[in-house]
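Reminder, nothing fancy here: chain letters follow the sequence lines and each chain counts from 1.
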Amino acid sequence: MIDTVTQFLSDNLVLIVGAVKAAIIAVALLSSVPLLVWLERRLMGRFQVRLGPNRVGPFGLAQPFADAVKLLFKESIVQGSADKFLFFLAPAVVVFTAIVTFSAIPFGASFTLFGQEIGPHVANINVGLLFVFAISSMGIYGIVLAGLASNNKYSLMGGLRSSAQMISYELTLGLAALGVIIVSGSLNLVEIVEDQAVVPNIILQPLAFILFFTAGVAETNRAPFDLPEAEQELVAGFHTEYTGMKFAMFFMGEYINMITMSAMVTVLFLGGWNAYFFEFLVPPVIGPIIVFAAKVFLLLCVFIWLRSTFPRIRYDRLMTFGWKVMLPLAVLNLMVAGFFKVL
Amino acid sequence: MLEQYTGAFLMLIIAIGIAVGMVVATSILGPKHRFADKAEPFECGESQIVSPHQRFSVKFYLVAVLFILFDIEAVFLFPWAVLYKRLGVFGFVEMFLFLIILGVGLLYVWRRGGLDWE
């Protein structure tokens with residue numbers, strides 16, 4: 001009996017380890033969303049010289065969890081003339097793509113546990129960067145479908161704007177990442193991080209870093225590029241007609257995308273889990289993960305900082321900025337990166 | 001070769017479970033009080049005046065077409081960037097010309113007013 005169990009375990013070890021890792025990371029992602037909402041509300045409060053939520057639980061930490069429970073028990077209103085199937089599909093697509101995108105991101109050096117080498121990532125894919133781009137751009141479908149299925153002019157406008165914005169900035173995102181690929185010569189995210197053991201790519205590719213981060217803010221529909229949900233003109237953009245948990249799912253998607261984008265910037269430009277001058281302080285196994293999480297946390301704070309600093313830019317400015325400034329700069333950066341590498 | 005996608009595939013199944021579970025849970029758990037006015041599309045308290053199915057700016061199509069053109073060109077650059085160290089000077093000159101052609105295309109669209117939003 002025990003023999004057959006151990007036999008089964010050793011035969012399907014890859015599958016079992018993979019399933020456990022996937023489950024842990026999915027749960028961690030989902031539970032980090034309320035914490036990020038809390039962080040954003042507290043920081044925004046401080047930026048605006050007020051307190052922010054501080055009544056429910058210690059430091060108001062339980063507030064977003066209470067909000068989540070409340071939203072779950074709200075009525076799910078489906079507008080009469082809406083396309084029912086697409087209306088339900090749209091938020092599911094947003095959450096689904098956000099979670100799957102994260103599976104390719106490595107967030108720590110691999111370590112040995114019970115004689116097994118375990119890498120802290122769900123999947124170490126040799127074209128990891130392309131995988132992340134491919135799956136994350138599928139998130140646009142969720143937003144376009146939400147806009148179309150709602151049968152509401154505000155939703156439609158929001159969906160259209162969002163799709164045009166996201167595809168425009170995706171070009172810059174891809175071209176800026178190409179600069180990093182030239183330097184490291186690999187599409188594998190683990191190899192890209194290991195390549196930065198001495199010097200992080202932010203020093204070799206400073207312009208690419210700025211372009212990538214700016215395009216990342218636009219790609220996640222965060223302020224100052226939050227045109228799809230410009231509440232003064234479009235009520236709430238593509239999620240005007242959504243209530244309850246379906247409404248919250250769009251926010252979950254947005255916040256998970258924020259985490260993923262910060263993790264991508266960390267992997268591509270900030271050297272991932274390499275601690276550089278502070279390497280002697282880092283304990284084994286758990287240390288690299290903490291270093292990675294600290295870098296992601298810093299970038300998330302920058303996201304929130306940007307939101308409370310910049311006013312939303314006008315839509316025509318947004319599009320011309322994307323095509324006339326970001327894209328030429330990205331092409332130029334690629335030429336310069338190629339030139340310096342060939343010398 | 002495909003084993004490296006095992007984790008991603010498992011994550012895919014979990015993500016489908018989470019997404020579908022949430023949509024189903026919110027449909028079951030909430031109260032259900034339906035009446036005609038609530039099923040109307042939102043329009044700041046008015047009943048809907050204009051249909052959402054009207055014409056919208058042709059610029060959105062233009063952006064989509066331009067995106068397809070430039071994104072396909074960007075896809076050609078990915079294998080080049082990975083092999084850049086091995087290709088050496090030849091790779092640099094080849095791709096420099098390719099990038100210039102890409103830049104001229106962008107300049108053409110720019111000059112013809114394809115990137116302007118009035």
Greatest number of heavy atom pairs closer than 4.5 Å to chain A - which of B:L106, B:I13, B:L102, B:V75: B:L106
Greater than 12 external heavy atoms within 6.0 Å of B:F98's CZ: yes
Give, for atom CZ of B:F60 and atom CE of A:M157, the distance between the pair rounded to the nearest 0.5 Å. 6.0 Å
Return the option, out of A:V127, A:L160, A:V180, with the maximum number of heavy-atom pairs under 4.5 Å with chain B. A:L160
Can you say whether B:F92 sits under 4.5 Å from chain A via the side chain, the backbone, both, or neither, judging by heavy atoms? side chain
What distance separates A:M245 CE from B:S27 OG, expressed to the nearest 0.5 Å? 11.5 Å
Taking every non-hydrogen atom, the tightest pair across B:Y84 and A:G338: OH-O, 2.6 Å
Tell me, for A:L130 versus chain B, whether the close heavy atoms (under 4.5 Å) come from the side chain, the backbone, both or neither. side chain
From CG (A:D316) to NZ (B:K59), nearest 0.5 Å: 11.0 Å
Minimum heavy-atom separation for B:L10 to A:A19, with atom names? CD1-N, 3.3 Å
I'd like to know which of B:W110, B:F9, B:F70, B:W80 tops the heavy-atom pair count under 4.5 Å against chain A. B:W110
Close contacts, residues 15-25 of chain B versus chain A, judged by heavy atoms under 4.5 Å: B:A15, B:I16, B:I18, B:A19, B:M22, B:V23, B:A25
By a 4.5 Å heavy-atom criterion (distance strictly below it), what part of B:I68 contacts chain A: side chain, backbone, both, or neither? neither
What closest approach, in Å, do B:A8 and A:I125 show between heavy atoms, and which atom pair accounts for it? CB-CD1, 4.3 Å
Quick one: does A:S186's side chain get under 4.5 Å of B:V82's, heavy atoms only? no
Considering all heavy atoms of both residues, which atom of A:A23 and which atom of B:I14 are nearest to each other, and what is their separation? N-CD1, 3.6 Å
Shortest non-hydrogen separation from B:T26 to A:L71 and the atoms involved: OG1-O, 4.4 Å
Look at the rings of A:F133 and B:F78 and say which category their plane angle falls in: under 30° parallel, 30 to 60° tilted, over 60° perpendicular. perpendicular
Heavy atoms, side chains only, cut-off 4.5 Å: are B:P31 and A:F73 in contact? no
Name the region of A:K74, side chain, backbone, both or neither, that has any atom closer than 4.5 Å to a heavy atom of chain B. backbone
Sort A:M249 into side chain, backbone, both or neither according to what part of it lies under 4.5 angstrom from a heavy atom of chain B. side chain
Ranked by heavy-atom pairs below 4.5 Å to chain A, first place among B:I100, B:D71, B:L12 goes to B:L12
For the residue pair A:I167 and B:F67, what are the closest heavy atoms and their distance? O-CD1, 3.1 Å
Are any non-hydrogen side-chain atoms of B:Y5 and A:F131 less than 4.5 angstrom apart? yes
Output side-chain donor-acceptor pairs under 3.5 Å for residues 84-107 of chain A, partner residues at least two apart or in another chain, one line each.
| from | atom 1 | to | atom 2 | distance (Å) |
| --- | --- | --- | --- | --- |
| A:K84 | NZ | A:G80 | O | 3.3 |
| A:T97 | OG1 | A:V93 | O | 2.9 |
| A:T97 | OG1 | A:V94 | O | 3.1 |
| A:T101 | OG1 | A:T97 | O | 2.5 |
| A:S103 | OG | A:V100 | O | 2.6 |

Heavy atoms only, distances under 4.5 angstrom: which of A:L178, A:L29, A:V331 has the most pairs with chain B? Name it, please. A:L178
Options A:F339, A:W323, A:Y315, ranked by heavy-atom pairs under 4.5 Å with chain B, top entry: A:W323
